[in-house]
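In what follows, a structure is listed as structure tokens, so that the remarks can point back to it.
Numbering of residues begins at 1 and proceeds along the displayed sequence. All values reported here derive from a predicted model rather than from experimental measurement.
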Amino acid sequence: AVVEEVLPRRSTLIRRQTMKPQVLCANLDLAVLVLSTEPNFSEGMVDRVLVSAHAQSLDVVLVLNKADLVPRGSEARHRVERRLFVYEKIGYKVLFVSALEGEGLEDLRSLLGGRTSILVGNSGVGKSCLLNKLGQGQIEVTVGDISEKLKLGRHITTTTTMHRLPGEGPPAFLIDSPGARRFSIWDVKPEELKEHFIEFIPFARHCKFSDCRHLQEPGCMVKQAVEEGDVPPERYMSYQRIYQVLLEGTEGSFRSALWTESEHAEKRK
């Protein structure tokens, strides 16, 4: 192969790996955040991906894969719908998809047309299986199982690979990225975080102070919006937590992962 041209970067999706950056891909249009209930997703991870994507002006769609594990009408489906409605309420697209049974695959495929997109998510959520289904037999990547004991995925995909999906219409390029147990923010400073919680933006411009952090400042319209139900309290709590670990410089550490898992495990009870 011969490299004929190196294109300029217009967007770069980056996550923190230990204490250094890991570039997942550049020149993207869409991040497809793949979630599942086995292994169960963490809202703390979702919020971090949304922040990192917004910092790079990337659109995001949330895909709950393995929807066959939470059948329509079941209490399990209602619980996960309530969790994801928080994101729909603030403007993010949410799809329920089953690579096994085909639910939602056509809707997902239509979103990918004319775009370069990346599958992002924890190990074991079914990113590679989704890619195979969307490939209609023309793409075959290795698929792993999750640990029955821990309900966690095993790292199968180790490299980032781009595929052109078959089908009519505008070309769709889809990138399969390595999974991880958590996603940590690299390219956002504490004082910039408020700019990437998109539901804050309409209210933040009316705060008493232009540099309001939306924490303890008087005259904060974001805090008022939380109290009045216009900003989801779950998201505001997540903002406070992420701000604190960014300020402490502990983002990506074991400590920052602990609150994410324990906080949302408690919510799921």
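Under the 4.5 Å side-chain heavy-atom criterion for grouping Ile, Leu, Val, Met, Phe, Trp and Tyr, Val60 is connected to Phe96 within one hydrophobic cluster. Side-chain heavy atoms closer than 4.5 Å link hydrophobic residues (I, L, V, M, F, W, Y) into clusters, and following such links, possibly through other members, connects Leu247 to Val222. In terms of hydrophobic clustering, with Ile, Leu, Val, Met, Phe, Trp and Tyr side chains grouped at heavy-atom distances under 4.5 Å, Leu111 and Val34 are assigned to a common cluster. In this structure, Tyr92 is a member of the same hydrophobic cluster as Leu13, with clusters built from ILVMFWY side-chain heavy atoms closer than 4.5 Å. In terms of hydrophobic clustering, with Ile, Leu, Val, Met, Phe, Trp and Tyr side chains grouped at heavy-atom distances under 4.5 Å, Leu58 and Val94 are assigned to a common cluster.
In terms of modelled atom types and a separation under 3.5 Å, the side chain of Glu192 and the main chain of Lys189 share a donor-acceptor contact. Judged by distance alone, the side chain of Glu217 and the main-chain N or O of Leu215 form a donor-acceptor pair under 3.5 Å. The backbone N or O of Cys220 lies less than 3.5 Å from no partner atom in the side chain of Gln224, so there is not a single donor-acceptor pair. Judged by distance alone, with hydrogens and angles left aside, the side-chain atoms of Asn65 form a donor-acceptor pair with the main-chain N or O of Val125 at under 3.5 Å. Asp29 places a side-chain N or O within 3.5 Å of a backbone atom of Thr116 that can act as its donor or acceptor partner. In terms of modelled atom types and a separation under 3.5 Å, the side chain of Arg15 and the main chain of Ser184 share no donor-acceptor contact.
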Exercise. Take Val63 and Leu119 through the test side-chain contact (heavy atoms from CB on, under 4.5 Å) and record every step on the way to the result.
Key: CA-CA 10 Å; Val63 171; Leu119 297 169; over 6 Å; no

task = I would like to know whether Ser128 and Asp176 meet side chain to side chain donor-acceptor pair (under 3.5 Å); could you show each step before the answer?
result = CA-CA 7 Å; Ser128 297; Asp176 193 17; 2.9 Å; yes

Notebook entry, point to check: Yes or no on side-chain contact (heavy atoms from CB on, under 4.5 Å) for Leu193 and Ile242, after CA distance, side-chain angles and deciding distance?
Noted result: CA-CA 8 Å; Leu193 182 64; Ile242 297 173; 3.8 Å; yes

Q: Using the salt bridge (Lys or Arg N to Asp or Glu O under 4.0 Å) rule, take Glu106 and Lys133 through it: C-alpha gap first, then chi angles, then the decisive distance, then the call.
A: CA-CA 11 Å; Glu106 288 188 11; Lys133 288 294 183 180; over 6 Å; no

Ser177 vs Ile118, side-chain contact (heavy atoms from CB on, under 4.5 Å): CA-CA, chis, key distance, verdict:
CA-CA 7 Å; Ser177 69; Ile118 187 170; 3.9 Å; yes

query: Which is it for Val80 and Thr37 under the side-chain contact (heavy atoms from CB on, under 4.5 Å) test, yes or no, and what are the steps along the way?
result: CA-CA 8 Å; Val80 76; Thr37 57; 4.1 Å; yes

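Counting only residues at least two apart or in different chains, ring pair (Phe, Tyr, Trp, His ring centres under 6.0 Å) contacts with residues 207-239 comprise Phe197-Tyr239, Phe200-His214, Phe200-Tyr239.
The line from OG of Ser42 to CG of Asn122 is 8.0 Å long, rounded to the nearest 0.5 Å. Here the CZ atom belonging to Arg109 is positioned 5.0 Å from the CG atom belonging to Leu165, to the nearest 0.5 angstrom. Between atom CZ of residue Phe173 and atom CG of residue Asn27 there is a gap of 12.5 Å, rounded to the nearest 0.5 Å. Here the CG atom belonging to Leu35 is positioned 6.5 Å from the CG atom belonging to Leu84, to the nearest 0.5 angstrom. Arg10 contributes atom CZ, which lies 11.0 Å from atom CD of Gln56 (distance to the nearest 0.5 angstrom). Rounding to the nearest 0.5 Å gives a distance of 12.5 Å between CG of Asn132 and NZ of Lys127.
Using a 4.0 Å cut-off between a side-chain N of Lys or Arg and a carboxylate O of Asp or Glu, Glu81 and Lys89 do not qualify as a salt bridge. Residues Arg213 and Glu191 are not paired through a salt bridge, judged by the lack of any N-O separation under 4.0 Å between the basic side chain and the carboxylate. Between Lys93 and Asp107 there is no salt bridge, since no side-chain N of the basic residue sits under 4.0 Å from a carboxylate O of the acidic one. Ion pairing of Arg77 with Glu103 is present here, as a side-chain N (NZ or NE/NH1/NH2) and a carboxylate O approach within less than 4.0 Å. Salt bridge Glu251/Arg48: present, at least one basic N to carboxylate O contact under 4.0 Å.
When all heavy atoms of Leu134 and Pro166 are compared, the closest pair comes out as O-CD, 3.8 Å. Minimum interatomic distance between Glu38 and Lys66 (heavy atoms only, all atoms of both residues): O-NZ, 2.5 Å. Across all their heavy atoms, Leu112 and Ser117 have their closest contact at CD2-OG, 3.6 Å. Between Lys208 and Pro218, the shortest heavy-atom contact is CB-O, 3.9 Å. Taking each heavy atom of Val86 and Pro232 in turn, the nearest pair found is CG1-CB, 3.8 Å. The minimum heavy-atom distance linking Ile198 with Ile90 is given by the pair CD1-O, 3.5 Å.
Here Arg115 pairs with Asp59 under the salt bridge (Lys or Arg N to Asp or Glu O under 4.0 Å) rule; sequence neighbours left out.
Within 6.0 Å of atom NZ in Lys194, more than 12 heavy atoms from other residues, nucleotides or ligands are found, so the atom counts as buried in its surroundings. Applying the 6.0 Å contact sphere to CZ of Arg72 captures no more than 12 heavy atoms from other residues, nucleotides or ligands. For Arg9, the CZ atom sits in a loose shell: 12 or fewer heavy atoms of surrounding residues, nucleotides or ligands are nearer than 6.0 Å. Heavy atoms of other residues, nucleotides or ligands lying less than 6.0 angstrom from CD of Gln216 number 12 at most.
Apart from Val2 itself, the hydrophobic cluster it occupies contains nothing, where clustering links Ile, Leu, Val, Met, Phe, Trp and Tyr at side-chain heavy-atom distances under 4.5 Å. Here Leu100 is tied to no hydrophobic group at all, with no ILVMFWY side chain closer than 4.5 Å. Clustering of Ile, Leu, Val, Met, Phe, Trp and Tyr side chains at separations under 4.5 Å places Val6 together with Val3. Residues Ile14, Val23 make up the rest of the hydrophobic cluster containing Trp186, defined by ILVMFWY side-chain heavy atoms closer than 4.5 Å, directly or through other members.
A cation-pi arrangement is found for Arg83 relative to Phe41, the charged atom lying closer than 6.0 Å to the ring centre and inside a 45° cone about the ring normal.
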